[in-house]
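Take a look at the structure set out below.
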Amino acid sequence: MLKAVSDAPTLAAEISNASFAWPGGRGVDDVSLQIAPGQIVTLLGPNGAGKSTVLKLLSGEINPDRGSVQIRGRPHSPDVRRGIGLVLQEPSTDDLMTLEETLTLHGRLFGLRGAPLRERSAALLDALQIGDRAADRCETLSGGLRRRLDLARALLHEPELLLLDEPTLALDPDSSAAIWSALRERAADGAAIVVCSNDTSEAESNADRVVIINRGSIQAEGRPSQLTANLRRDALELEWHDASDTDIAALQAWNEIGSLLRSDHGLHLTVDSAVETVPRLFQQYGARISGIRIRESSLRDAWFQIVGVAISDAISDEEDAS
Amino acid sequence: MSGTLLAAWALLARDLRAVVRSRSQLYSSLLMPLMLLAVLGTGVSSGLAPTSPRIIDGDYTSYLAPGMIAMTALFSSTFSSAGLYRDRESGLLRALLASPHGPPTIMFGKALAAILIGTVQALLVLVLAVVIPGIDLAWQFGWLGGAATVVAAVLLLNLMLSGLSLLLAVRIKTMQGFHLIMNLALFPLFFLSGAFFPLDQVPAWLEIIGYINPLTYAVDLLHYASYADAPDGLIGPLIDTLVLGVLAVGMFVIGLRRAPRAV
């Protein structure tokens, strides 16, 4: 397992050997995580992997059954919660309230009032490009605009620790870009940002550090470049449903193939050069391969290599299970 | 203002705004008692000609008026508390609970809103009852003393009901279940509170249930303050206030101490 942060002077948050079990049996087991100020950390995993449980441990919504959680060196308390901003997986807006009123309510809950609250609300709505909708009711907002409002709400009190559960899920590119821009700006101001996601490309582009979680435990963590460092250059996804163990053993003997795993659709390989490997593959097994996708290796392949299944297959498995 | 009060005030303002914007709740809470006064009151007065000495001059509409004030408080207060489900479904409750304030502050803000909404709507029914010709309220201790007693009764009733509703809303998972339980509990209690018929002329078993019923003391206080021309046949303001006060404060405190589930 890679370890990116080990001895930061002041940690924004630290989870030490924490375990938590939900009544249904899922949760996290013996999770340890350190988050430094100014860092964007993505918790990457399929639904049900334990990402949201980690987020809830960090937000103080749940307490670990074992282990501990500390925010800036202190256990959870109302005072500590003042320094945390939370964006939930689903929009959390009241349809009958306007955007302005939504921010006023949350600002007051965090002790803001008067002109500073109004000015901060207006600035945030403008920064997230929804300033012109300030007086509109939330019921008139699209999903993407609601997410921006959720983020404005979470940023309003300038939290030192910002926790976001899949903030850009199913959003249009403009909304995603606006949200990531605001997050990077906040991180540049020194806030620690923890984002749950199952989008490997988004994690690769935006995270300073990626924590791969599957089935309630941390499988690996590090900078995206660290996690992808050992991958071969190209990734191949072969639609080859009747690949036998003998076929796989034969392919594993090819020097140009790095990792080779079965996926729901066939085989997943990382190779030195798709240009050289693909003709050879088709020469030998072409009649049995019904389709192929070629791309540059990425965090998606690192996930595959580390966890042993494709993240998309893991998502399908979890959805089937639920 | 302390942080807790400021937070409770912000939540109160937000719930009040929601009621004003959700006009169907406002209209239905006023139209229902008016309809009952017009239809049931007139129908019973003329069709059944009640002869109970507690129904002055057989005017059932006027007898019904204090009960309608209690009914308005009952339904608007519980309806407001059901807003907890709307907040839970929208995810807003989880966001509120993630604030520095604990669940009691969040529940306190919501309870204040429920109490205020229930009280204002109940008092609106009182005002309508005063101005509608054909409803004769008797202010045996003057209208000022009577009105103050009505306000106190309505406030205590709403305090008790908001505590009870929050307690149930925290424990019952769905809004449908909440309304079902509230209707199952509240309708019998309301029917046996003296709002629709005097309890002193019903069979003993019904009378006993009536006197166990907390709503009886609210309706009695309302009758005492705004309808009866003499204290005869009533429980009396001292016992009414004492019973209602103890139950109201107790239920409210219990309701606030229950932490709501965020999801």
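Every chain is numbered from 1, with letters handed out A, B, ... down the list of sequences.
For residues 120-140 of chain A, the interface with chain B (any heavy-atom pair closer than 4.5 Å) comprises A:R137, sorted by residue number. Proximity to chain B at a heavy-atom threshold of 4.5 Å picks out A:P78, A:R81, A:R82 from residues 72-85 of chain A, in numerical order. At a heavy-atom separation below 4.5 angstrom, chain B is approached by A:L96, A:M97, A:T98, A:E101 within residues 96-104 of chain A.
Using a 4.0 Å cut-off between charged side-chain N and carboxylate O, A:D29 and A:R66 make a salt bridge. We find that A:D95 and A:R146 are joined by a salt bridge, their nearest charged nitrogen and carboxylate oxygen being less than 4.0 Å apart. Remark: A:R186 does not engage A:E158 in a salt bridge, criterion side-chain N to carboxylate O under 4.0 Å.
Between B:F196 and B:F191, the ring planes lie tilted relative to each other; the angle falls in the 30° to 60° range. Ring pair B:Y85/B:F178 is tilted by interplanar angle, where 30° to 60° counts as tilted. Between B:F75 and B:F187, the ring planes are tilted. Angles from 30° to 60° get that label.
Annotation for A:R184: atom CZ counts as buried by contact number, over 12 foreign heavy atoms lying within 6.0 Å. Shown here is B:M175, whose CE atom has more than 12 heavy atoms of other residues, nucleotides or ligands within 6.0 Å.
Looking only at side-chain heavy atoms (C-beta outward), A:V195 and A:P167 come within less than 4.5 Å of each other. Between B:L84 and B:L93, some side-chain heavy-atom pair lies under the 4.5 Å cut-off. Side chains of B:F252 and B:I115 form a contact here, defined as non-hydrogen atoms less than 4.5 Å apart. Considering only heavy atoms from C-beta on, B:L157 stays 4.5 Å or farther from B:T119 through its side chain. Two residues are said to be in side-chain contact when any heavy atoms from C-beta on lie closer than 4.5 Å; A:I213 and A:V31 fail this criterion. Taking 4.5 Å as the limit, some side-chain heavy atom of B:S99 sits within range of a side-chain heavy atom of B:I106.
Between chain A and the residues B:A10, B:P100, B:A13, the largest count of heavy-atom pairs under 4.5 Å involves B:P100. Contact count versus chain A (heavy atoms, under 4.5 Å) is highest, among B:R21, B:R14, B:H101, for B:R21. The choice from B:G109, B:A95, B:A8 that makes the most heavy-atom pairs within less than 4.5 Å of chain A is B:A95.
Within the 4.5 angstrom heavy-atom criterion, atoms from both the backbone and the side chain of A:L109 approach chain B. For A:T93, the part lying near chain B is the backbone, with the side chain staying farther off; criterion is any non-hydrogen pair under 4.5 Å. If you measure heavy-atom distances from A:H157 to chain B, you find no contacts under 4.5 Å at all.
Residues A:D165 and A:S52 have side chains that bring a donor and an acceptor to within less than 3.5 angstrom of each other.
Annotation: ring pair (Phe, Tyr, Trp, His ring centres under 6.0 Å) contacts of B:W143 (sequence neighbours excluded): none.
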